[in-house]
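One structure is given here, and the rest of the page talks about it.
Quick caveat, the model's predicted, so the values are computed rather than measured.
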Amino acid sequence: MIFANLSKRCLITACLSLGILPSAQAEQPHVTRSHGYHPFGDLKYPADFKHLDYVNPDAPKGGSITLFGNGTFDSLNPYILKGISPADTPGIQMYGVTELGDSLLMGSQPHNPLGDEAGAAYGLIADWIEYPEDRSWCIFHLRDGARFHDGEPIRADDVVFSFNTLREQGHPEYSLRLVDVASVEAIDPQTVRFTFSEARRDLPLIVGAIPILPKHYWEKHDFTRTTLEPPVSSGPYRVSDISGGKKVVFERVEDYWAQDLPVNRGRYNFDKVIFEFYRDADVGFESFKSGGYDLHYTYSSKRWATAFNFAAMNDGRVLRAEVPHRIPRPVQAFFFNTRRAPFDDQRVRKAASLLFDFEWSNRNLFANAYTRTVSWFPNSPYRASQSATDAEKALLAPLTSALPDDYFSADITPPVNDGSGQIRDRMREALTLLKESGWQMQGNKLVNSEGKPLRFTVLNYHNPGIYRILAPWFRNLKRLGIEADYREVDPAAYKQKLDHFEYDVVLFVLPMRDYPGPELKDYFLSDSANISGSRNLAGISDPIVDHLVNTALSAATENDYTQALQALDRRLRYQHYGVLNYHIRHHRIAWWDKFARPPEPIPFGLGLDTWWMKE
């Protein structure tokens, strides 16, 4: 009767302090408590590991590195839809250094995965996670020393506050990610429990990835407003200086509370990480050549092949390398906006896709540097096979009546051309599809029954190299009577139009992880199609896609998960929601020779956070 007069919360706290599980949890026969989490497999690193294998644990601290920022920024609040934060720019996401606070787990963040173990995450703010076999809930215990930059301890109330604030007032991506969390409860000051409305293996990773916000700070500030005042945070860096949307300086926190944890040893070695922002990539590269910033990540095959004949490169002050990796490639595509005509018709989308001659572009523009992207999950095991498996057919059995007769036999692979630029067969096939959908040739133009021409505009932010990629596609479209043009806008207008789906076609890159999780809802689910700020760029609203996304996210085994994603890949390819572009399987980087780095490439990342200054 020792606990007879204690409240439920006090009872749980007392039990935990004595190492006893309260009866409600003790009834669970297969509850796991661990220092990390993987949705399907065993963890690589044991509980007593000292550091990640791919770091130099004795790397010296000091110095600075200056990096490229794309566009501009007008806010230091990265958690809301309003404004442009430095964290919104691809360069800063790639380097893994932002003003975002620490999270419960390290490795589950979309832009900062573990470098050598796909899908895994290890305790950061939390020193352990506990969960049942069915993943219907999970409990995190917070480390004693976890604290914000102002010295206040990170407590369970901060976790609850962060969850509620991000889901209710944050960027729509948070409400999409967290929709399946039924409740969050602070059991005691250092223990927090998440209960899920449906049991899914990815949910502990999702809640483990949310940035933990300081309740005491944000209760005194308007969370929904843009601001250039650096908010209180908890990570390895804090914003120490900004300059009018052109520069942001991240300064290493010398007394960072987590610097000696095994997940952080040998990382975050620079005293300052500086981002110089350039609205024009070509201007930025010229600045790099003269030392304006220290590392250049090249996306352009033409630049990589022809633009590195300059003095500092030739005399060895600048180095460059192609660094191999095993990262699932992002999906770069021309996304068709199916919310509006003419791309609300699958036949029009397929016809436009047939006229993209990758082989000609690869030969004449890219020096044969790229591989055509044929799957929505490039460089991963989730690519659909040409012939549907029995397992895939079984997945779709409840929806068979909604599938066309040729669904499982249709060729879903983009056509392979000879590189000559002559694609008469593709044009004939495209014209047949367009006529089936009601378009007819009138003079040199395709028009509908009302006489309106078939035309569309591709939207992108200012990038001088993009038009040369679009021009061959536009020429083929014009030969078939389709009017296509290109519109460039500044980064702020681009974000505004993207957030509100004000485009016909948009060129964009969607990141893909080793184990895609909540981003699948953001990218593909019907619920996200009309949520401002979502990345359902094509406006996909398809019950079959919904079924396959939910099946993948609720899969009990890795095999079931893989089969569901392969089936999803087939559906997306069959529906032609975008013209898939191309990818490479290595990083193309050049840098000024003043840094050292671990000797072996990191399989699932660039690993810039493991570099350090040479003496």
Side-chain angles (χ1 to χ4, degrees), residues 52-70 89-97 111-112 115-116 237 247 249-250 252 266-278 280-327 329-330 366-371 465 583-615:
L52 301 170
D53 287 348
Y54 58 86
V55 307
N56 171 9
D58 301 315
K61 306 292 185 184
S64 66
I65 184 169
T66 301
L67 302 169
F68 172 84
N70 190 23
T89 65
I92 292 184
Q93 292 174 352
M94 179 179 67
Y95 301 126
V97 179
H111 301 295
N112 193 17
D116 64 345
Y237 288 88
K247 179 179 180 179
V249 179
F250 294 88
R252 187 169 61 85
R267 302 173 67 207
Y268 311 122
N269 300 313
F270 299 112
D271 284 346
K272 290 185 179 180
V273 180
I274 304 164
F275 286 89
E276 296 281 358
F277 283 76
Y278 300 85
D280 187 299
D282 289 338
V283 172
F285 183 66
E286 291 303 312
S287 177
F288 167 73
K289 289 160 60 175
S290 60
Y293 57 94
D294 295 323
L295 181 142
H296 183 79
Y297 193 107
T298 300
Y299 295 95
S300 167
S301 59
K302 179 181 179 181
R303 177 174 293 144
W304 188 248
T306 64
F308 282 85
N309 183 21
F310 55 93
M313 185 82 224
N314 296 332
D315 64 23
R317 287 176 291 154
V318 170
L319 306 175
R320 70 171 181 160
E322 293 184 347
V323 182
H325 62 73
R326 302 207 312 269
I327 306 170
R329 301 313 298 139
F366 308 140
N368 289 319
Y370 290 109
T371 298
H583 63 277
I584 57 174
R585 297 183 176 93
H586 52 264
H587 306 288
R588 294 182 296 207
I589 56 173
W591 67 96
W592 285 81
D593 187 19
K594 52 186 177 181
F595 308 109
R597 57 185 180 137
E600 297 298 325
I602 299 171
F604 302 111
L606 178 59
L608 195 63
D609 59 341
T610 68
W611 289 28
W612 65 94
M613 293 294 298
K614 288 183 177 179
E615 293 184 1

I need the [X] [atom1] to [Y] [atom2] distance, nearest 0.5 Å.
{"X": "R326", "Y": "R585", "atom1": "CZ", "atom2": "CZ", "answer": "13.0 Å"}
{"X": "W592", "Y": "L295", "atom1": "CH2", "atom2": "CG", "answer": "12.5 Å"}
{"X": "L319", "Y": "D593", "atom1": "CG", "atom2": "CG", "answer": "4.0 Å"}
{"X": "K302", "Y": "F366", "atom1": "NZ", "atom2": "CZ", "answer": "11.0 Å"}

Open item on the list: I'd like to know if the side chain of R597 and the backbone of G607 have a donor-acceptor N/O pair within less than 3.5 Å.
Closed with: no

- [ ] Applying side chain to side chain contact (heavy atoms under 4.5 Å, CB included), run through V318 and R320 and close with a yes or a no.
- [x] CA-CA 7 Å; V318 170; R320 70 171 181 160; 5.6 Å; no

Measure across [X] and [Y] and return the closest heavy-atom pair with its distance rounded to 0.1 Å.
{"X": "P324", "Y": "P601", "answer": "O-CB, 3.8 Å"}
{"X": "I589", "Y": "W304", "answer": "O-CH2, 3.5 Å"}
{"X": "I602", "Y": "H325", "answer": "O-CB, 4.2 Å"}
{"X": "T66", "Y": "E276", "answer": "CG2-CG, 3.7 Å"}
{"X": "P598", "Y": "N56", "answer": "CG-N, 4.4 Å"}
{"X": "S301", "Y": "A369", "answer": "CB-CB, 4.0 Å"}

TODO: For the pair D271 and R252, find out whether any cationic side-chain nitrogen is under 4.0 Å from an anionic carboxylate oxygen.
DONE: yes

Less than 4.5 Å apart, side chain to side chain, heavy atoms only: is that true for [X] and [Y]?
{"X": "L608", "Y": "L67", "value": "yes"}
{"X": "N269", "Y": "K61", "value": "yes"}
{"X": "M613", "Y": "F595", "value": "yes"}

Task: Reference residue F285; test ring-ring contact (aromatic ring centres under 6.0 Å, His included); the match among F68, Y293, Y299, F308 - done: F308

Task: Pair S287, Y278: side-chain N/O donor-acceptor within cut-off below 3.5 Å - done: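 On atom types as modelled, these side chains qualify, holding a pair under 3.5 Å.
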
- [ ] Might you work through the side chain to side chain contact (heavy atoms under 4.5 Å, CB included) test for T610 and L52, ending with a clear yes or no?
- [x] CA-CA 10 Å; T610 68; L52 301 170; over 6 Å; no

Open item on the list: Measuring centre to centre across the rings, with the benzene-like ring taken for any Trp, is F288 within less than 6.0 Å of Y297?
Closed with: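 Ring centres of Y297 and F288 not closer than 6.0 Å.
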
TODO: Verify whether the ring centers belonging to F270 and F250 lie closer than 6.0 Å.
DONE: no

- [ ] Please say whether more than 12 non-hydrogen atoms of neighbouring residues, nucleotides or ligands are located less than 6.0 Å from NZ in K289.
- [x] yes

- [ ] Evaluate the criterion side chain to side chain contact (heavy atoms under 4.5 Å, CB included) for residue pair R303 and D282; output intermediate values, then yes/no.
- [x] CA-CA 10 Å; R303 177 174 293 144; D282 289 338; 2.3 Å; yes

Open item on the list: Using side chain to side chain contact (heavy atoms under 4.5 Å, CB included), reason through I584 and E322 one step at a time and then give a plain yes or no.
Closed with: CA-CA 10 Å; I584 57 174; E322 293 184 347; over 6 Å; no

